[in-house]
Enquirer: 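Below: one structure in structure tokens.
This is a predicted model, so every value here is computed, not measured. The chains referred to below are lettered A, B, ... by the order of the sequence lines, with proteins before strands, and numbering in each begins at 1.
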Number of protein chains: 2
Amino acid sequence: MAAWKQPLLAVDVVLVRFHPERGLEFGTSERAAEPARGEQALPGVLVRSDESLTDAASRAVGTKAGIADEAVRHLDQLHVFDTPGREDSTVESGRERSWSLAFLGVVDPAAATGEHVRWHSASGPALGLPFDHDDIVDFARQHIRARLWSDVAMTRALTGDSFSTRLGADLEAAATGVQPHASNFHRRLTGLADLERLDEKSPSGGRPAHVWKWRRP
Amino acid sequence: MAAWKQPLLAVDVVLVRFHPERGLEFGTSERAAEPARGEQALPGVLVRSDESLTDAASRAVGTKAGIADEAVRHLDQLHVFDTPGREDSTVESGRERSWSLAFLGVVDPAAATGEHVRWHSASGPALGLPFDHDDIVDFARQHIRARLWSDVAMTRALTGDSFSTRLGADLEAAATGVQPHASNFHRRLTGLADLERLDEKSPSGGRPAHVWKWRRP
DNA sequence: TCAAAAGTGTTATGATTACACCCATGT
DNA sequence: ACATGGGTGTAATCATAACACTTTTGA
């Protein structure tokens with residue numbers, strides 16, 4: 001067995017946040033290096049041998065998007081995308097293979113994300129990102145929809161530790177495309193074991209909505 | 001940015017088959033190389049730069065387990081396992097990091113798999129495999145349970161192109177741990193759009209069961 | 001004709017959806 | 001008080017589970 005020369009493994013992070021006013025958004029940052037230099041793309045780095053994959057994802061968010069570690073509430077491995085002839089096909093041979101392990105990175109919408117990050121509404125059209133990044137975003141979109149409310153860690157990262165019924169319903173609407181009936185949605189939250197209804201209320205133009213708090217950590 | 005020296009990316013395949021008599025089984029093969037030489041483990045190879053990840057998985061099944069390509073009905077990417085100090089930590093430094101992209105590989109139970117492969121009942125205890133292979137098998141087990149009947153490609157690979165109600169019910173039982181009510185299970189299959197009930201019957205000691213056929217390819 | 005196993009009929013139970021109506025707040 | 005939205009009550013609908021009972025085979 002000869003010496004192995006493999007493509008390098010990169011991690012690319014699909015940044016997501018759920019902003020109370022702006023809704024569900026995907027984040028991109030500007031590429032500093034060729035190829036596609038200057039274009040908006042998913043922040044990514046090559047994985048170093050001394051770090052875990054999740055650490056690499058975290059580093060991508062930090063160094064490429066300039067987002068503080070504390071602002072990243074959740075990191076979730078998605079899928080390895082295997083593309084002939086994508087980035088870093090430096091000089092030669094035209095088409096080099098490349099691997100990208102995609103992560104979902106949920107960001108605190110209250111955190112400042114600086115000028116490096118551009119946020120795009122998830123309800124808009126495809127983002128037109130280079131490489132196969134549009135596919136990756138799409139994969140993430142379906143991942144979110146399939147796991148909302150059932151994957152507590154992910155959902156909690158999107159909503160924050162506590163949230164109003166209103167915000168929850170809007171998140172549901174953003175993820176699935178249909179606004180739930182307010183009444184039924186309230187009952188749905190009631191049924192979730194990890195949620196607790198507080199006595200607080202959250203103003204919203206009419207009758208204030210209840211506030212829900214995730215139990216435990 | 002200096003030259004990158006990364007761990008090598010391996011693919012490891014969780015072989016699975018659903019044998020009409022023996023039930024759901026996971027397959028292992030004997031390791032030919034250190035570390036853990038001679039032990040049963042998941043077949044895996046280092047990915048080459050000129051092949052896709054799925055091709056690498058396919059090659060692992062072929063070269064390490066000696067299973068013909070045609071016998072592999074389905075290959076599905078699972079997760080990247082990132083383990084400090086696993087295999088191929090050749091000589092030095094004691095603990096090298098290593099990456100393994102796990103695949104689920106569904107094998108035709110009618111195909112001869114030679115002496116290289118050892119099949120273990122999925123209902124038995126943990127297999128006691130080296131590295132984190134037990135964890136990987138467990139991941140695969142949950143993957144199967146979560147997707148049975150909803151993921152047509154995977155389920156079809158397990159059942160074959162056509163199968164009796166009996167076999168389907170046994171598969172369900174093997175995956176979930178509970179034997180479904182025969183009556184309700186029949187109706188469940190009726191409800192699946194991709195399934196068609198044939199007029200054939202399949203003997204089974206009592207009244208013969210119907211045969212179901214997957215539509216399309 | 002009896003045992004074994006597959007299906008059908010039917011009902012109970014529970015989740016999901018819809019919608020009428022009442023409640024809590026700001027103006 | 002009225003507009004705005006949140007929430008409760010309640011009923012219809014649909015899926016799931018349970019179980020009695022019938023059907024089809026082999027012995």
Enquirer: Between E39(A) and R31(A), does any side-chain N to carboxylate O distance fall below 4.0 Å?
Expert: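 The answer is no: the pair does not qualify as a salt bridge.
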Enquirer: Which parts of residues 179-192 of chain A get close to DNA chain D, meaning a heavy atom less than 4.0 angstrom away?
Expert: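 Output list: S183(A), H186(A), R187(A).
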Enquirer: So which protein nitrogen or oxygen atoms get under 3.5 Å of nucleotides 11-13 of chain C's nitrogens or oxygens?
Expert:
none

Enquirer: Which pairs, with at least one residue in residues 120-129 of chain B and sequence neighbours excluded, count as a salt bridge (Lys or Arg N to Asp or Glu O under 4.0 Å)?
Expert: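 Non-adjacent pairs meeting salt bridge (Lys or Arg N to Asp or Glu O under 4.0 Å): zero.
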Enquirer: Could you list the residues that satisfy salt bridge (Lys or Arg N to Asp or Glu O under 4.0 Å) with D135(A), not counting sequence neighbours?
Expert: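 For D135(A), no residue satisfies salt bridge (Lys or Arg N to Asp or Glu O under 4.0 Å) once neighbours in sequence are set aside.
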Enquirer: In this structure, is the centre-to-centre distance between the rings of F139(A) and F81(A) below 6.0 Å?
Expert: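 Ring centroids of F81(A) and F139(A) are less than 6.0 Å from each other.
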Enquirer: Base contacts versus sugar-phosphate-only contacts with protein, heavy atoms under 4.0 Å: please encode nucleotides 21-27 of chain C as B, S and - from 5' to 3'.
Expert: --BBB--
Enquirer: Shoot me the first and last contacting nucleotide of DNA chain D against chain A, ordered 5' to 3', at under 4.0 angstrom to non-hydrogen atoms.
Expert: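 Span of nucleotides near chain A: dT4(D) to dT10(D).
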Enquirer: Give the C-alpha distance, both sets of side-chain angles, the deciding distance and a yes or no for side-chain contact (heavy atoms from CB on, under 4.5 Å) between Q6(A) and R97(A).
Expert: CA-CA 9 Å; Q6(A) 289 188 337; R97(A) 190 173 287 278; over 6 Å; no
Enquirer: Given H79(A) and Q77(B), is the side-chain contact (heavy atoms from CB on, under 4.5 Å) satisfied, shown in steps?
Expert: CA-CA 8 Å; H79(A) 191 81; Q77(B) 188 178 310; 3.4 Å; yes
Enquirer: Output the residues of residues 162-174 of chain B in contact with DNA chain C, where contact means a heavy atom of the residue under 4.0 Å from an atom of the strand; sort by number or write none.
Expert: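 Hits under 4.0 Å, by residue number: T165(B), R166(B).
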Enquirer: Could you tell me how far apart W212(B) (CH2) and dA6(C) (C1') are, to the nearest whole angstrom?
Expert: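 Rounded to the whole Å, the gap is 11 Å.
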Enquirer: Could you work out, with salt bridge (Lys or Arg N to Asp or Glu O under 4.0 Å) as the rule, every residue matching E51(A), not counting sequence neighbours?
Expert: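 R59(A).
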Enquirer: Within the side chain of H210(B), is there an N or O that forms a donor-acceptor pair under 3.5 Å with the backbone of R197(B)?
Expert: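 Judged by distance alone, no pair lies under 3.5 Å.
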Enquirer: Where is the tightest heavy-atom contact between I136(B) and A102(B), given as atom of each residue plus distance?
Expert: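 Reported closest heavy-atom pair: CG2-CB, 3.5 Å.
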Enquirer: Mind listing the closest non-hydrogen atom pair of L15(A) and A65(A) along with its distance?
Expert: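 Answer, listing the atom of L15(A) first, then A65(A): CD1-CB, 4.0 Å.
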Enquirer: Is the backbone N or O of G128(A) less than 3.5 Å from a side-chain atom of D134(A), with the two atoms forming a donor-acceptor pair by type?
Expert: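 Yes; at least one donor-acceptor contact below 3.5 Å.
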Enquirer: Can you check whether H210(B) has a side-chain N or O nearer than 4.0 Å to OP1 or OP2 of dA6(C)?
Expert: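 The answer is no; no side-chain N or O of H210(B) sits under 4.0 Å from OP1 or OP2.
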Enquirer: Where is the tightest heavy-atom contact between V14(B) and L78(B), given as atom of each residue plus distance?
Expert: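 V14(B) and L78(B) have their closest heavy atoms at CG2-CD1, 4.4 Å.
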Enquirer: Below 3.5 Å, can you tabulate the donor-acceptor pairs from side chains in residues 107-118 of chain B to any protein atom, sequence neighbours excluded?
Expert:
from    : atom 1 : to      : atom 2 : distance (Å)
D108(B) : OD1    : R73(B)  : NH2    : 3.0
D108(B) : OD1    : A110(B) : N      : 2.8
T113(B) : OG1    : W119(B) : NE1    : 3.1

Enquirer: Do any pairs count as a salt bridge (Lys or Arg N to Asp or Glu O under 4.0 Å) and have a residue in residues 158-175 of chain B, sequence neighbours left out, and if so which ones?
Expert: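 Those involving residues 158-175 of chain B are R156(B)-D161(B), R166(B)-D170(B), E172(B)-R188(B).
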Enquirer: Please evaluate residues R215(A) and E196(A) with respect to the criterion salt bridge (charged side-chain N to carboxylate O under 4.0 Å, His left out), reporting the C-alpha separation (whole Å), side-chain torsions for both, the decisive distance (0.1 Å), and the verdict.
Expert: CA-CA 7 Å; R215(A) 296 184 208 278; E196(A) 187 177 359; 3.6 Å; yes
Enquirer: With sequence neighbours left out, write down each residue that passes ring-ring contact (aromatic ring centres under 6.0 Å, His included) with F185(A), or none if nothing qualifies.
Expert: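 With neighbours one apart ignored, the set is W149(A).
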Enquirer: Would you say the side-chain atoms of H19(B) pair up with the backbone N or O of E21(B), donor to acceptor, closer than 3.5 Å?
Expert: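 Yes, the answer is positive, given that a donor and an acceptor are paired below the 3.5 Å cut-off.
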Enquirer: Name the stems with DNA chain C in them: runs of three or more consecutive Watson-Crick or G-U pairs, distances under 3.5 Å?
Expert: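 So the stems come out as C:1-27 with D:1-27.
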